[in-house]
Amino acid sequence: MGYNPGTAVDSSVRDYDPQAIERKWQERWQATRAFEVAEDPDRPKFYCLVMFAYPSGHAHVGHVRNYMIGDVVARTRRMQGHNVLHPFGWDAFGLPAENAAIKHGTHPERWTLDNIAHMKGQLQRLGISYAWEREFATCERDYYRWNQWLFLRMFERDLAYRQRSTVNWCSSCETVLANEQVVDGACWRCATEVGTRDLNQWFFRITRYADALLEGADQLDQWPEQVLTMQRNWIGRSAGALVRFPVIAAERGGEEDSIEVFTTRIDTIYGATAVLLAPEHPLADRLAAATADPAAFAARLEGFRGLDRTARTTGQIEKEGFDTGRSARNPFTGEPVPIWIANFVLADYGTGAIMAVPAHDQRDFEFARKYDLSVRVVVQPAGEPALSGAELDAAAAAYGVLVDSGPFSGLPSAQAIRKMTEAAERDGTGRGAVQFRLKDWGISRQRYWGTPIPIIYCDACGTRPVPDADLPVELPRVERFSGRGDSPLAEVAEFVETACPSCGGPARRETDTMDTFVDSSWYYYRYCDPRNEDQPFDPRKVAYWGPVDFYSGGIEHAILHLIYSRFFCRVLNDIGLVAHDEPFTRLLTQGMVLRNGAVMSKSKGNVVDPDDMLATYGADTLRLYEMFVAPPEREIEWTDAGLEGSYRFLGRVWRLVVAFCDAAPAAPPIDAVTLEAADRALRRRTHDTIRRVSTDIDVRIHLNTAVSALMELVNELYGFCARERIGAGAAADGAGRPPRPAAVAAAREAIEALVLMLSPFVPHLSEELWEALGHADGVVAAGWPVCDEAAVRAEEVVVPVQVNGRLRARLTVAVDTPQEVLEALALEHPHVGAHTSGKRIMKVIVVPRKLVNVVAR
RNA sequence: GCGAAAGUGGCGGAACUGGCAGACGCGCCGGACUUAGGAUCCGGUGGCCGAGAGGCCAUGGGGGUUCAAGUCCCCCCUUUCGCACCA
């Protein structure tokens, strides 16, 4: 059986011709809709997902690395008999489209659709096995209408609400940003420093799920620990107590108001020598009004409020404050303590007020030293000399034993926290409470290219949801974009002016659009049922496919997309649309591709376009290179030399298999021949490779070592075929005896396993060779090779012999050589004797099949 | 400052539970085949000493545990990432 290529490849072309092969197989996959799937309860499902793409224009080799990783996993699972859903789509709303419109006059939709068309072509030329018939773009009416539908369900549950508040404002993007989208005080997208604005905004009440998201994280044992840590930090749960400090009235000495503070260290409350208010605290203005010089007071407040926001929240400003002249009563000591305004107290965490315990909190300590507030030690660190407030040079923040704390003196901190919280609850001055760093998710965006928020404002009826029957609220066609001012939708009178769904009177539509992270929070469910016109998706279909078994993408989404999606999953669970709690079972965060030490980007001019690589080497070489160069999590430095090496390897595989097909007669089945030692050795290598590659792909996802194992098998096969005069080896040897049938059988087994295991990495080449080997049905029908444990078992092993831990000799022995024999052989060895002569042999460590170590002194 | 991960040949990287450090690839050196080789095939390639057999040194640095350490423990250095006035 010679090499018998399919239709598109000229059989006279014997060299590896990736362009022809890749065209042939891509056309065939498309014609046969090879990767389309349907629910099938009889087969195990596998949902393999990569983060969908923002259609920025061109994919570079850094973007596609992720898609290749997903494709290796998907193709492997498919061969292992799983029903694999492997979809792709487009995160198509967003600012760049609108900015392009402002700059070049193209409509955002045109720009987006053109980019999608181009990038889709790029991905198809890479031969990634997507179920393309499920593709969608989030800017499609049939997608974003379900954003609106889901928004309304959240509105009904009080999970979507509108509030005026101080929000992050990016002056470059001309829109609001959620807290998650501010990185080091700058916009996550454009790096412009973020300012603030007071605006009416829509929020999703993600804080209601704070504890659930935290607890759920504990179940995510197949997520990188780093991502979970980031999420836990972001949620920032802290348990403590709310305690009220009554404000002592200016006249008479009665009590009027009270200041509630949050503390995690109620055990230090006997040392609370001041109450500090954030400049924005509501009481601050009232206290100002009551002072002798309200204008001066107010001016100082304004000074604090106007400080740089980032500096204020990151500790980069000098701690400053001023005395309000008023006092509050410490509910535990009964003593009056001064009320100060302090610039480092955050208005939007806890209650915006704290009790200052200078002896036991470093920030309070610095503040107290500066303004000469009293420092009172109430917790003594265990086993250390007693502290005194006057001598401290830093706060003693550690837990210890309480002193000078009335009835609580003598208690250790942990116990004191419990008892003092109970005491506060009993006498009504406080209660245990939990605070989160996590804030509600602000989703209003003052931009055009997004999902309109389905809300109508009526002067008579107030804020009304758009009825489901009126969905979608379509994004109107806007032709000119200035990039200035309010939401562009506010300019479109036909859009804004509408009728109230409740009273029918004149009303106005909401003109903000939704954050595009709303789109990406549930798109993975839509893939399960992408054309559903009655609901976002059929819950039964999601029950079959969900949750996502394998999800791969960049770590930059650790606390953006990945936390929003987990939130959405739980909301959808509450609504009854999904049955699971967590959307992504296994997460892989892939490393970026660098060039000249920098992330590829258009502005740096260091992008490598996959199309250029395809023209020279073909998709398979590019795929193999990106998988081989490093484990998926690690970032890689692009090198052309590495690509060349991968190309050479594929040429080597091609020649090996083609020569085998040309020269070898049909092989008898492996169990019908008598194998010689060389054949058994090859089989051992074959089946060991199957085992290694299988675990490297499925368990560890170390695709680089999977590839190197396959390279070793190829090297082995070259030697074997030459020695046995099979294929190319026979030609070199000239005419002679035909190869032994057992050797051909072993070689065929190895070559077939090789081609099958290569197919997730280099699918075009593998399909072509599989066909050449005489199989008409493709690699998926053939299935993933199975490791024969009996064949792996070695007959002989090389056992290293050490003297005092240093290698001195090697013994080649039968695998089952008993311990005593190993020991005797080791001691007899002349090299061992040379190093033990004149010494006493203390003991001999024998690890059967592994090692002998002679200890001599 | 706090926390996490990492540091291995000229380079990318292997080494799974402590058991032959450097798999595999790139690069480099040599050989074969050749009019030719930047194709292909075969071989070599951590450093130092040695003609050789062989020996010594070697996984960022320093200590330790162990028959045995890249792997475990302690201290330090460097890099990357995350957190950083959250009371």
Side-chain angles (χ1 to χ4, degrees), chain A residues 15 184 224-227 229-230 232-234 236-238 240 261-265 268 276 311-317 319 342-346 348-357 360-364 366-367 397 435-439 555 558-559 624-625 628-631 633-637 639-646 648-649 651-652 655 692 695-696 699-700 702 704-715 718-719 722 728-729 732 798-810 831 834-835 842-847 849-857:
Chain A
D15 288 336
D184 292 335
E225 203 46 50
Q226 193 194 359
V227 173
T229 303
M230 286 168 74
R232 290 189 183 109
N233 287 343
W234 186 257
R237 182 184 203 271
S238 66
V261 304
F262 176 72
T263 177
T264 55
R265 293 299 302 274
T268 65
L276 308 183
R312 261 187 83 186
T313 52
T314 56
Q316 288 161 9
I317 47 160
K319 289 178 184 45
N343 63 356
F344 68 93
V345 178
L346 304 175
D348 60 355
Y349 183 79
T351 61
I354 61 169
M355 64 180 201
V357 186
H360 304 294
D361 181 285
Q362 185 59 28
R363 298 154 299 185
D364 299 346
E366 289 165 25
F367 192 76
Q435 290 291 329
F436 293 95
R437 207 183 90 103
L438 180 73
K439 300 284 185 301
I555 196 164
I559 49 169
L624 186 76
Y625 166 68
F628 173 62
V629 69
E633 291 88 348
R634 198 177 306 198
E635 61 184 28
I636 58 176
E637 173 72 28
T639 65
D640 293 340
L643 202 67
E644 189 70 43
S646 294
R648 275 210 294 262
F649 171 70
R652 209 164 140 77
R655 286 185 297 276
R692 283 168 66 192
T695 50
D696 280 353
V699 184
R700 310 198 307 162
H702 283 196
N704 57 327
T705 52
V707 173
S708 56
L710 292 167
M711 288 174 166
E712 286 178 61
L713 180 58
V714 169
N715 293 342
Y718 263 83
V798 176
V799 175
V801 180
Q802 301 177 334
V803 176
N804 293 332
R806 318 181 76 111
L807 180 70
R808 299 300 177 190
R810 289 190 174 88
H831 290 165
H835 290 274
M842 312 296 284
K843 60 175 160 177
V844 181
I845 312 276
V846 181
V847 184
R849 308 179 58 170
K850 284 279 184 192
L851 156 141
V852 178
N853 190 10
V854 179
V855 186
R857 291 275 177 272

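Numbered from 1 within each chain, the chains take letters A, B, ... in sequence-line order.
- The C1' atoms of B:G25 and B:G9 are separated by 14 Å, rounded to the nearest whole Å.
- Within the 4.0 angstrom heavy-atom criterion, base atoms lie near A:Val798.
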Per-nucleotide protein contact string for nucleotides 12-18 of chain B (B base, S sugar-phosphate only, - none; heavy atom under 4.0 Å): BSSSS--

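- As judged by a 4.0 angstrom heavy-atom cut-off over every strand, A:Thr263 is placed among residues touching the sugar-phosphate backbone only.
- For A:Lys319 and A:Phe344, the positive end sits near the middle of the six-membered ring, less than 6.0 Å away and at most 45° from its axis.
- Side chain of A:Arg652 to backbone of A:Met711: no donor-acceptor contact under 3.5 angstrom is found.
- Taking the P atoms as reference points, B:G38 lies 12 Å from B:G27, given to the whole Å.
- The residue among A:Arg312 and A:Ala709 whose nearest nucleotide of RNA chain B lies closer to the 5′ end is A:Ala709.
- If you measure from atom CD of A:Glu712 to atom C1' of B:G22, you get 13 Å, rounded to the nearest angstrom.
- What separates CZ of A:Arg437 from P of B:C83 is a distance of 8 Å, to the nearest Å.
- Remark: A:Gln362 pairs with A:Phe365, A:Glu366, A:Ala394, A:Ala395 by the side chain to side chain contact (heavy atoms under 4.5 Å, CB included) rule, at least two apart or across chains.
- Looking at heavy-atom distances under 4.0 Å, A:Ile555 makes no contact with the nucleic acid at all.
- Annotation: side chain to side chain donor-acceptor pair (under 3.5 Å) contacts of A:Thr705 (sequence neighbours excluded): A:Asp696.
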Under 4.0 Å protein heavy-atom contact, by nucleotide of nucleotides 31-56 of chain B - B base, S sugar-phosphate only: ---------SSS-----------SSS

What's touching nucleotides 66-72 of chain B from the protein side, N or O pairs under 3.5 Å?
{"residue": "B:C67", "atom": "O2'", "partner": "A:Asn853", "partner atom": "ND2", "Å": "3.1"}
{"residue": "B:C67", "atom": "O2", "partner": "A:Asn853", "partner atom": "ND2", "Å": "2.7"}

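- When the side chain to side chain donor-acceptor pair (under 3.5 Å) test is applied to A:Asn804, no partner is found at least two apart in sequence or on another chain.
- Scored by the side chain to side chain contact (heavy atoms under 4.5 Å, CB included) test, A:Ile317 finds A:Leu307, A:Ala311, A:Arg312, A:Asn343 as partners (sequence neighbours excluded).
- Nucleic acid contact class of A:Thr695 (heavy atoms, under 4.0 Å, all strands): none.
- Checked against side chain to side chain donor-acceptor pair (under 3.5 Å), A:Gln226 has no partners two or more places apart in sequence or in another chain.
- When each of B:G25, B:G19, B:A87 is scored by its nearest atom to the side-chain atoms of A:Lys850, the top-ranked nucleotide is B:G19.
- Of the possible donor and acceptor atoms, none in the side chain of A:Tyr625 sits under 3.5 Å from a partner among the backbone N and O of A:Gly645.
- B:G7 and B:G13: their P atoms are spaced 10 Å apart (whole Å).
- Base orientation of B:G9: syn, since the glycosidic angle falls within 90° of 0.
- Residues satisfying the side chain to side chain donor-acceptor pair (under 3.5 Å) test with A:Arg237, not counting sequence neighbours, are A:Asp211.
- With sequence neighbours left out, A:Ala353 forms a side chain to side chain contact (heavy atoms under 4.5 Å, CB included) with A:Ile259, A:Val261, A:Leu277, A:His281, A:Thr351.
- A:Phe628 is linked by a ring pair (Phe, Tyr, Trp, His ring centres under 6.0 Å) to nothing, counting only residues two or more places apart in sequence or in another chain.
- Here A:Gly645 lies in heavy-atom contact (under 4.0 Å) with sugar-phosphate atoms only.
- Which of B:C83, B:A87, B:G19 sits closest to the side chain of A:Val345 comes down to B:A87.
- The strand RNA chain B forms stems, runs of 3 or more Watson-Crick or G-U wobble pairs with distances below 3.5 Å, at B:1-7 with B:77-83, B:10-12 with B:24-26, B:27-32 with B:40-45, B:46-49 with B:54-57, B:60-64 with B:72-76.
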